[in-house]
Amino acid sequence: MSMEPTPSQTIGPFFHYALFTEDLSELVAPGHPDAIRVEGKIFDGAGDIVPDAMVEIWQANAAGRYNHPEDDREDVPLDENFLGFGRAPTDENGSFSFLTVKPGAVPGPDGSLQGPHILVSVFARGVLKRLATRIYFPDEEEANEHDPVLASVGDPDLRSTLVARSEGGAFRFDIHLRGEKQTVFFDV
Amino acid sequence: MTHETTLAGYRRADGDPEHLYPEYKSTRLRALDKPLAIQPHTLSEITGPAYGHGKVRELDHDLTRQHEGEPLGERIIVTGRVLDGDGRPVRNSLVEVWQANASGRYVHSGDRHPAPLDPNFTGAGRCLTDGDGRYKFVTVKPGAYPWGNHENAWRPAHIHFSLFGEAFATRLITQMYFPGDPLFEHDPIFQSVRDPKARHRLVSTFDLETTEPEWALGYTFDIILRGRESTPFERPHE
């Protein structure tokens, strides 16, 4: 029996008191030896910051395994304490920030290997359905070159919107919702 | 050694609004204007967070019992099932809700609507679906409220819903409306879903069975997440 999905609606501006009852921006403890910071700002089509968005991330652990029953590769270690999920609001400067670990590479279609990446969802007032994108890492040039999803984005300028920059000890990933600099979003 | 396992991706949803719906003003600067990039679903998209387990407390589903006293307004029960696109229950999955109080005011510093806050109502709840995919909230009916989209703009009464499903691909945030609301035809957020049948799936049903005599009116609202592709893709497996 096939059923049509319930349509999406905007998250609106008034979600914080419900969705941020706990801090979900730290996927690992601050003292974690392999902790990395991933941060950025969100901009609208006029280049103005978006101070009322919610960003969620989903990623594999450092070994490249997802904490999910569909990822049943027993030869890749699972870390029960690493959920791989994070959620952060943008602040009054349009900034979001996560503390996590760099994910390992995960398999792609047809025997390929995907470059290490973090999946991102963006929700905001004025955004009628979830925007999905991916954060790749600037120090993984070779893995990125062979990544099938990056390769599917033909234009190198567009592809570059999916790669974070190294900046001040953090990985910086700005998101542009619209306009010339628009980030690539995927039809997930 | 390499062996193949087969995993199915998720079907694309076609009842969703377009990103740009100019009548909803905020989309004009926030809707993407380059086409979405098409990608096959990989292990990354068909997995997703099992967030919220062990976090939900016993009374988190009852928005009328989070304070000293009872909130003002019409007490209601909202219940339904979370199903995948093939009608199977989505079990043990987090459902988060938030809403305005009976006067149409949110407990949010950004809400400037001059309607009273209710010291006995926050308007946030969560629960996990049971073995049948069922969720249940007890709350008060939210009020309509004005907003700045256009002259004399009012949002119909609604409850925001956040759902995860079983994969990154099934993540959904939506709004539930109440049957017969005269504001429907004037609300660009509701109308952004262009297909009337799809729009209808956002409206709850009054249900006498769910109503508890002498206590609360009942509404049902089933939520359908995306279903799996029937043709699996092949996943290489080390």
Side-chain angles (χ1 to χ4, degrees), chain A residues 1-19 21 44-46 48 50 52 56 58 66-68 70-71 73 75 83-85 106-111 114 117 119 121 123-131 149 152-153 158 177-179 182 184-188, chain B residues 7 12-13 15-17 19 21 24 26-27 29-34 36-40 42-51 83 85-87 96 98 106-108 110-111 122 124 160 162 168-169 171-175 189 192-193 198 201-202 223-227 233 235-238:
Chain A
M1 177 179 51
S2 183
M3 300 172 82
E4 294 301 320
T6 307
S8 172
Q9 293 271 270
T10 179
I11 193 172
F14 301 139
F15 53 83
H16 301 79
Y17 69 92
L19 301 183
T21 51
D44 69 13
D48 292 328
V50 174
D52 54 2
E56 287 182 350
W58 168 241
Y66 286 104
N67 193 343
H68 187 278
E70 294 265 14
D71 189 350
R73 296 169 297 147
D75 51 336
L83 179 61
F85 173 69
V106 298
D110 304 325
Q114 303 188 60
H117 64 274
L119 268 65
S121 296
F123 302 90
R125 171 178 65 82
V127 174
L128 282 162
K129 51 185 172 181
R130 181 263 299 265
L131 294 167
V149 175
S152 74
V153 180
L158 288 179
L177 300 182
R178 185 178 176 82
Q182 189 205 297
V184 170
F185 297 109
F186 290 97
D187 182 21
V188 160
Chain B
L7 287 173
R12 264 65 182 177
D16 279 338
H19 289 280
Y21 188 65
Y24 174 23
S26 300
T27 66
L29 284 175
R30 294 183 167 190
L32 52 81
D33 52 358
K34 291 194 178 86
L36 287 171
I38 308 295
Q39 59 151 130
T42 71
L43 190 59
S44 307
E45 289 79 23
I46 64 164
T47 55
Y51 165 62
L83 302 169
D86 297 304
E96 297 165 290
W98 68 102
Y106 285 91
V107 180
H108 190 285
D111 187 355
T122 302
H160 295 266
S162 160
F168 179 80
R171 182 83 175 96
L172 176 70
I173 289 183
T174 189
Q175 301 180 24
I189 294 181
S192 72
V193 177
R201 296 199 289 275
L202 296 171
I223 298 158
I224 317 300
L225 303 179
R226 294 160 64 188
F233 64 82
R235 183 177 61 140
H237 204 142
E238 284 301 315

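So that the names make sense, note that chain A is the first sequence line, chain B the second, and so on, each numbered from 1. Model, not experiment: these values are computed from the prediction.
- For chain B, the nearby part of Ser152(A) is the side chain; its heavy atoms alone come within less than 4.5 Å.
- Between atom CH2 of residue Trp98(B) and atom CD1 of residue Ile11(A) there is a gap of 4.5 Å, rounded to the nearest 0.5 Å.
- For a residue to count as touching a neighbouring chain, one of its non-hydrogen atoms must lie under 4.5 Å from one of that chain's; by this rule Tyr66(A) touches chain B with the side chain only.
- For the set Ala198(B), Gly227(B), Ser162(B), the count of heavy-atom pairs under 4.5 angstrom toward chain A peaks at Ala198(B).
- None of Leu172(B), Ile224(B), Leu202(B) except one satisfies the side chain to side chain contact (heavy atoms under 4.5 Å, CB included) rule with Pro7(A); the exception is Leu202(B).
- At a 4.5 Å heavy-atom cutoff, the contact between Val149(A) and chain B is made by side-chain atoms alone.
- Rounded to the nearest 0.5 Å, atoms CG (Asp44(A)) and OG1 (Thr27(B)) are 12.0 Å apart.
- Note on Pro17(B), Ser44(B), Pro40(B): by heavy-atom pairs under 4.5 Å with chain A, the leading option is Ser44(B).
- Put simply, CD1 on Ile173(B) and CZ on Phe123(A) are 4.0 Å apart, with the number rounded to the nearest 0.5 Å.
- Glu70(A) contributes atom CD, which lies 8.0 Å from atom OG1 of Thr47(B) (distance to the nearest 0.5 angstrom).
- Ring orientation note: the planes of His108(B) and Tyr17(A) are nearly perpendicular, at an angle over 60° on the 30°/60° scale.
- Applying the salt bridge (Lys or Arg N to Asp or Glu O under 4.0 Å) test to Arg130(A) and every residue at least two apart in sequence or in another chain returns nothing.
- Only the side chain of Leu83(A) comes within contact range of chain B, with at least one heavy atom under 4.5 Å from a heavy atom of that chain.
- For the 3.5 Å distance criterion, the side chains of Arg171(B) and Ser121(A) fail to qualify, holding no donor opposite an acceptor.
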